[in-house]
Amino acid sequence: DTGVSQNPRHKITKRGQNVTFRCDPISEHNRLYWYRQTLGQGPEFLTYFQNEAQLEKSRLLSDRFSAERPKGSFSTLEIQRTEQGDSAMYLCASSFPPGAGGPSSYNEQFFGPGTRLTVL
Amino acid sequence: AQSVTQPDIHITVSEGASLELRCNYSYGATPYLFWYVQSPGQGLQLLLKYFSGDTLVQGIKGFEAEFKRSQSSFNLRKPSVHWSDAAEYFCAVGAVAAGNKLTFGGGTRVLVKP
C-alpha cells in the first residue's frame, strides 16, 4: 500500500451535471476525511468517517453533496447539480482513529493527491 | 472553535537565505500542530508536527518549527532555502475533541529567487 489514492485526478463538467469522486485510503486506516480547497485558500473540512459511519459533516456540505463509505474501505463523494462555485480541489485523507497510539493520542492524516473539479 | 492565521500571503527569498513562515493559532486546549507543503497541482505533504514535549521540532527537508504557547505561535524555519522549496505552505491545527479534523491557515506562497 503506497498511500492514499484518489480518482479521477481531474474532472471537467458542465453546470448542472452530477459528478462522483473516489478515495482509497491507506488500508489500515479507520478514519477517512474529505476536504475542499479553493484557489488560493487552505483546505476546508467537509466530512469524516470512522469505518462506515459518517461522524461529522461541515456546514459547507450542502444537500447537493453526499459522501459514503459503504464497507469502511473506499469512500465516494458525489456532487449533484454542480455549480460553478463547486470548482475546487477535493482532498481525501486517512488516519488511524484517536487512541490507536495511546489515550487521547492524535493520529496524523495522510493526504491523497486530490481531484481537481472544474465546472463550466 | 479552532482557527489558524498565516499573516504572510507571499514571501520571496533568495536561494541560500533563511526562511521563516509565521503561524498563529487559536484553540482553548493544547493543540496538535502541523506544517504541510503543497507543490502546484499536488496534494499535501507533511513537513513536521507537534504533539507534545520538546517545543522545537525537526521535520523533513531541513525544516524546523518552534511551538510557543505564550504567543500561540508555531513558526516554521529553514536556515538555507533551496530553489526546490518554492511551494505553498500550510499551517494546521487539530484536536482530538474536534474529531481530529484539521483546520488550516490560508497558506503562504514561497518564491525563491536565484
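Throughout, a chain's letter reflects where its sequence line sits, starting with A, and its residues are numbered from 1.
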Query raised in the report: Who in residues 61-71 of chain B is close to chain A, using a strict under-4.5 Å heavy-atom cut-off?
Result: none
Query raised in the report: A/Pro43, A/Gly42, A/Ala93: which one forms the most heavy-atom pairs within less than 4.5 Å of chain B?
Result: A/Pro43
Query raised in the report: More than 12 foreign heavy atoms under 6.0 Å from CG of A/Leu39: is that the case here?
Result: no
Requested in this report: Answer yes or no: is there a donor N or O on one side and an acceptor on the other, between the side chain of A/Asn7 and the main chain of A/Arg22, under 3.5 Å?
Outcome: no
**Report entry** Greatest number of heavy atom pairs closer than 4.5 Å to chain B - which of A/Gln50, A/Gln6, A/Arg116, A/Arg31
**Finding:** A/Arg31
Report task. Ignoring hydrogens and angles, tell me if any N or O in the side chain of B/Gln2 forms a donor-acceptor pair with the backbone of B/Val93 under 3.5 Å. Result -> yes
Report task. Tell me, yes or no, whether the heavy-atom count around A/Ile12 atom CD1, taken from other residues, nucleotides or ligands under 6.0 Å, exceeds 12. Result -> no
Report task. Using a cut-off of 6.0 Å, state whether more than 12 heavy atoms not belonging to A/Arg15 lie near its atom CZ. Result -> no
Query raised in the report: Can you pull out the residues in residues 84-92 of chain A with any heavy atom less than 4.5 Å from chain B?
Result: A/Met89, A/Leu91
Query raised in the report: For B/Gln6, is it the side chain, the backbone, both, or neither that has a heavy atom closer than 4.5 Å to a heavy atom of chain A?
Result: neither
Query raised in the report: What part of A/Tyr35 lies closer than 4.5 angstrom to a heavy atom of chain B: side chain, backbone, both or neither?
Result: side chain
**Report entry** Pairing of A/Arg64 and A/Glu83 as salt bridge, 4.0 angstrom limit
**Finding:** yes
Query raised in the report: Does the gap between the ring centers of B/Phe90 and B/Tyr36 come in under 6.0 Å?
Result: no
Query raised in the report: Any side-chain donor paired with an acceptor under 3.5 Å for A/Glu44 and A/Ser58?
Result: no
Query raised in the report: Within a radius of less than 6.0 Å around CG of A/Leu120, do more than 12 heavy atoms belonging to other residues, nucleotides or ligands occur?
Result: yes
Report task. Pick one of side chain, backbone, both or neither for A/Gln37, based on which atoms fall under 4.5 Å of a heavy atom in chain B. Result -> side chain
**Report entry** Residue list, side chain to side chain donor-acceptor pair (under 3.5 Å) with B/Lys49, at least two apart or on another chain
**Finding:** A/Glu108
**Report entry** side chain to side chain contact (heavy atoms under 4.5 Å, CB included) between A/Asn18 and A/Thr82, worked out
**Finding:** CA-CA 6 Å; A/Asn18 298 345; A/Thr82 53; over 6 Å; no
Query raised in the report: What pair of heavy atoms forms the shortest contact from A/Arg9 to A/Gly114, and how long is it?
Result: NE-O, 3.4 Å
Query raised in the report: Looking at the rings of B/Phe34 and B/Tyr50, which for Trp means the six-membered one, are their centres under 6.0 Å apart?
Result: no
**Report entry** Contact class of A/Glu56 relative to chain B, heavy atoms under 4.5 angstrom
**Finding:** side chain
Query - Heavy-atom donor-acceptor pair, A/Arg69 side chain to A/Asn51 backbone, under 3.5 Å - result: yes
Query - A/Thr115 side chain vs A/Pro8 backbone, donor-acceptor pair below 3.5 Å - result: yes
Query raised in the report: By a 4.5 Å heavy-atom criterion (distance strictly below it), what part of B/Leu44 contacts chain A: side chain, backbone, both, or neither?
Result: both
Requested in this report: Dump the intermediate steps for side chain to side chain contact (heavy atoms under 4.5 Å, CB included) on B/Glu15 and B/His82, then the final yes or no.
Outcome: CA-CA 5 Å; B/Glu15 190 168 15; B/His82 187 262; 3.8 Å; yes
Report summary line: Expected contact set for residues 104-114 of chain B against chain A at heavy-atom separation under 4.5 Å reads B/Phe104, B/Gly105, B/Gly106
